[in-house]
Amino acid sequence: MKKIAIIGGGIIGLTLANYLDLKQYSVTVYDNPIGQATKASAGIISPWLSKRRNKKWYQLAKDGAAFYPKLVQDFALPHSVYQQTGTLILRKDRELVSLLDLAEERKQTAPEIGTVQLLSAEEVKAKLPLLSASPAVFITGGGKLDGASYLATLRQRALSRNITLKTEQVHISQVQNQWRVHSKEQIESFDTIALCAGPGLSDLLKPLGLTTDIRPQKGQLLAFETPYKNSGSWPVAMLDGESDLIPFGHGQILVGATHENDGGFDLTPTPEAFTHLQQKTGPFLEDSNFFEQYPVSYRVGTRAYTSDFAPFFNCLPNNPTAVVASGLGSSGLTTGPYIGFLLAQYFNEERNDWMEYQKPIDCYVSK
Ligand SMILES: Cc1cc2nc3c(=O)[nH]c(=O)nc-3n(C[C@H](O)[C@H](O)[C@H](O)COP(=O)(O)OP(=O)(O)OC[C@H]3O[C@@H](n4cnc5c(N)ncnc54)[C@H](O)[C@@H]3O)c2cc1C
């Protein structure tokens, strides 16, 4: 039995842990959850109509979204964790027609998009009563994931499979062919290691003499507690700007999120973020007092992003006993579970046919 350490218990790390073959591996996950992106996230799984031109990223995001039905089945995810309620994409009238064409075109290679419809303002309002009159493209394949609930489900599942979970900040070293994980209390040895530490990857690799093309990006979103009890069945609305509306169950409505490239690892909620999101979202809402009348809390997390905004997941250069995965940016809930699954395939079956999804690892990690 080989010993594997997974550093980082976000969406990649815990998905990987739960897909590992426990006949082959004894698994320990180390996670310091402060600032974790997965638990702060908005939850949108709907990559198909993105304006991004990076073909490898699109292939990964498309396959990541297509992986969700398997994920839901494998981990028996209830609707409170993941639900496919469709996505409304709001645009100005003339842009809607080209968006509709794009959706039909993308559907050729991504049938997961589901049914594509152009909805009138009244039809949009019937689907999501919070919105004011505005037409939209509606795709039925869009889903939403509650990141924190997903991790709670996977932690429970991991514990029931005798995977060890440790809440600790760690650093690593390599001595001959063994990996050492150093925590406050002890040093433990492992045969293999998976570094799924989001923006914390740079610090983990520094002592190995490696530099990483990873930067932290601050993201803030607002969680409103409203009285709309049927909100869980409402679709996500991607608004014509930088803000989205993500309705979860029991009246919880998320609005967000900010993308603050100069925010570093700061986790302070700011009134500027509130104002920014209010300005971006307010014009789309029926109730002009929405932002003032409901109790609100902030969620703040740190995304990891690379110079070309593309994720990477691979073995360290010339080192098949260590994999790294980071740089998932704003779409990591969409790509993260699939990346965790692919990494597990590598450890379980020694398969790593991943190059259609990314540039070579030395573009992101080097001496
Ligand atoms: C506000 C916000 C909204 C978002 N909305 C969406 C969305 O709608 N759709 C979507 O697809 N994506 C969204 N994302 C992006 C998505 O959440 C991330 O890309 C994804 O969760 C990253 O997963 P990860 O496992 O790579 O990293 P993380 O979830 O950040 O997990 C990494 C973990 O490793 C831990 N760690 C780091 N270093 C160490 C160390 N030395 N020792 C121990 N632990 C360590 C970290 O603390 C963290 O807990 C959003 C992100 C944010 C912040």
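The chain is numbered in sequence order, starting from 1. Below, all heavy atoms of this structure are taken into account, side chains as well, without hydrogens, waters or symmetry copies. When a ligand or atom number is given, it counts from 1 through the structure's own listing order.
Among the atoms of Asp31, some N or O lies under 3.5 angstrom from an N or O of ligand 1. Considering both main-chain and side-chain atoms, Gly200 never comes within under 3.5 Å of ligand 1 through any nitrogen or oxygen pair. Considering backbone and side-chain atoms alike, Ala42 places an N or O below 3.5 Å from some N or O of ligand 1. Below 3.5 Å of separation, one finds no N or O of Thr302 facing any N or O of ligand 1. Considering backbone and side-chain N/O atoms, Ile12 comes within less than 3.5 Å of an N/O atom of ligand 1. Residue-to-ligand polar distances keep Gly13 apart from ligand 1: every N/O pair is separated by 3.5 Å or more. Ligand 1 has a nitrogen or oxygen under 3.5 angstrom from a nitrogen or oxygen of Gly332. Checking only distances, Gly219 never comes within under 3.5 Å of ligand 1, N or O to N or O. When only interatomic distances are considered, the shortest N/O to N/O separation between Leu221 and ligand 1 does not fall below 3.5 Å. When only interatomic distances are considered, the shortest N/O to N/O separation between Arg303 and ligand 1 does not fall below 3.5 Å.
Under the 4.5 Å side-chain heavy-atom criterion for Ile, Leu, Val, Met, Phe, Trp and Tyr, Tyr25 and Ile193 are members of distinct hydrophobic clusters. Transitive grouping of hydrophobic side chains (ILVMFWY, heavy atoms separated by less than 4.5 Å) keeps Ile339 and Leu195 in distinct clusters. Put simply, Val255 and Tyr228 are part of the same group of oily side chains (I, L, V, M, F, W, Y) that touch within less than 4.5 Å, one to the next. Cluster membership for Leu333 and Phe75, using ILVMFWY side-chain heavy atoms within less than 4.5 angstrom, is shared.
At a heavy-atom cutoff of 4.0 Å, ligand 1 is contacted by no atom of Leu201, backbone or side chain. By the criterion of a heavy-atom distance under 4.0 Å, neither the backbone nor the side chain of Ser326 is placed next to ligand 1. Counting heavy atoms under 4.0 Å from ligand 1, residue Glu168 touches it through the backbone alone. When heavy-atom distances to ligand 1 are checked against a 4.0 Å cut-off, Ser330 comes that close only through its backbone atoms N, CA, C and O.
The salt bridge (charged side-chain N to carboxylate O under 4.0 Å, His left out) pairs that include a residue from residues 200-222 are Asp203-Lys206, Asp213-Arg215, Lys218-Asp266, where partners are two or more places apart or lie in different chains.
Near Ser331, the atoms of ligand 1 lying under 4.0 angstrom from a non-hydrogen atom of the residue are 10 (C), 11 (O), 12 (N). The Ile34 neighbourhood of ligand 1 comprises atoms 47 (O), with distances under 4.0 Å to a heavy atom of that residue. Applying the 4.0 Å criterion to heavy atoms of Cys196 picks out, from ligand 1, the atoms 32 (C), 34 (O). Listed by atom number, the atoms of ligand 1 under 4.0 Å from Ile44 heavy atoms are 7 (C), 8 (O), 9 (N), 10 (C), 11 (O). Close contacts of ligand 1 with Thr334, meaning ligand atoms under 4.0 Å from a residue heavy atom, involve 11 (O).
Ion pair Asp146/Lys144 not flagged as a salt bridge, since none of the NZ, NE, NH1 or NH2 atoms sits closer than 4.0 Å to an Asp/Glu carboxylate oxygen.
Protein heavy atom nearest atom 21 (O) of ligand 1, with residue, atom name and distance: Thr38 OG1, 2.8 Å. Distance from atom 34 (O) of ligand 1 to its nearest protein heavy atom, with residue and atom name: Gly8 CA, 3.2 Å. Counting only heavy atoms of the protein, atom 31 (O) of ligand 1 lies nearest to Gly10 CA, 3.4 Å. Protein heavy atom nearest atom 47 (O) of ligand 1, with residue, atom name and distance: Asn32 O, 2.2 Å. Among protein heavy atoms, atom 38 (N) of ligand 1 sits closest to Ala197 CB, 3.6 Å. From the protein, the heavy atom lying nearest to atom 19 (O) of ligand 1 is Gly329 O, 2.8 Å. The protein heavy atom nearest to atom 41 (N) of ligand 1 is Val170 O, 2.9 Å. Of all protein heavy atoms, the one lying nearest to atom 17 (O) of ligand 1 is Ser41 CB, 3.4 Å.
Judged by distance alone, with hydrogens and angles left aside, the side-chain atoms of Thr164 form no donor-acceptor pair with the main-chain N or O of Thr28 at under 3.5 Å. Ser183 places no side-chain N or O within 3.5 Å of a backbone atom of Val170 that could act as its donor or acceptor partner.
Figure legend: cation-pi geometry between Arg155 and Tyr150 absent, as NZ or CZ is not positioned both under 6.0 Å from the six-membered ring centre and within 45° of its axis.
Between Glu286 and Pro129, the shortest heavy-atom contact is CB-O, 4.2 Å.
For Phe274, the ring pair (Phe, Tyr, Trp, His ring centres under 6.0 Å) partners two or more places apart in sequence, or in a different chain, are Phe291.
Ring geometry, Phe341 versus Tyr19: the interplanar angle exceeds 60°, so the pair is classed perpendicular (tilted spans 30 to 60°). Using cut-offs of 30° and 60° for the angle between ring planes, the Tyr338 and Tyr357 rings count as perpendicular. A tilted orientation is assigned to the rings of Phe313 and Trp354, their planes being inclined by 30° to 60°.
Side-chain contact check for Ile172 versus Trp179: some heavy-atom pair is nearer than 4.5 Å. Side-chain atoms of Phe67 and Pro337, non-hydrogen and from C-beta on, do get closer than 4.5 Å to each other.
Considering each of Ser183, Ala37, Gly198, the one bringing a non-hydrogen atom nearest atom 30 (O) of ligand 1 is Ala37.
Within the 4.0 Å heavy-atom cutoff, Gly35 does not count among the residues contacting ligand 1. Using a 4.0 angstrom heavy-atom cutoff, Pro33 counts as in contact with ligand 1. Residue contacts with ligand 1 include Gly43, since one of its heavy atoms falls under 4.0 Å from the ligand.
The only option from Leu254, Val236, Leu285 that meets the side chain to side chain contact (heavy atoms under 4.5 Å, CB included) definition with Leu245 turns out to be Leu285.
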Lys3 and Glu188: salt bridge (charged side-chain N to carboxylate O under 4.0 Å, His left out), yes or no, with the steps?
CA-CA 10 Å; Lys3 281 181 77 187; Glu188 213 170 325; 3.5 Å; yes
